[in-house]
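I have placed the structure first, in the form of structure tokens, so that the comments after it can refer back to it.
Residue indices begin at 1 and follow the sequence shown. Keep in mind that the numbers below use all heavy atoms, side chains included, and drop hydrogens, waters and symmetry copies.
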Amino acid sequence: MVDYYKVLGVKRAASATEIKSAYRRLARQGHPDVNGGSDAGAREFAPLSLAYRTLCAPQERAYQHP
């Protein structure tokens, strides 16, 4: 199982605001549009996007805690 907290570089106790901030910071660096539409950029961005969507959903986030 992928540790979405590690993907975003936040602690498990991070607030929704901290998660959003970390996602936006990383997304600015790795978004495919910023990287000229490269396939590598898209592959790096996909886990960030999934981690953010998962940790923003309360039920999904609860499932991530061991």
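A pairwise comparison of heavy atoms in Val7 and Pro47 identifies CG1-O, 3.8 Å as the closest pair. Residues Arg12 and Arg61 approach most closely at O-NH2, 3.1 Å, considering heavy atoms.
To the nearest 0.5 Å, atom OH of residue Tyr4 and atom CG of residue Leu55 are 8.5 Å apart. Distance check: Glu60 CD to Leu50 CG gives 9.0 Å after rounding to the nearest 0.5 Å.
Ring orientation note: the planes of Phe45 and Tyr23 are tilted relative to one another, at an angle of 30° to 60°.
No side-chain donor-acceptor contact under 3.5 Å links Arg25 and Ser21.
Scanning for side-chain contact (heavy atoms from CB on, under 4.5 Å) contacts around Ser15 gives Thr17, Glu18, with sequence neighbours left out. In this structure Leu26 satisfies the side-chain contact (heavy atoms from CB on, under 4.5 Å) test together with Leu8, Gln29, Leu48, sequence neighbours excluded.
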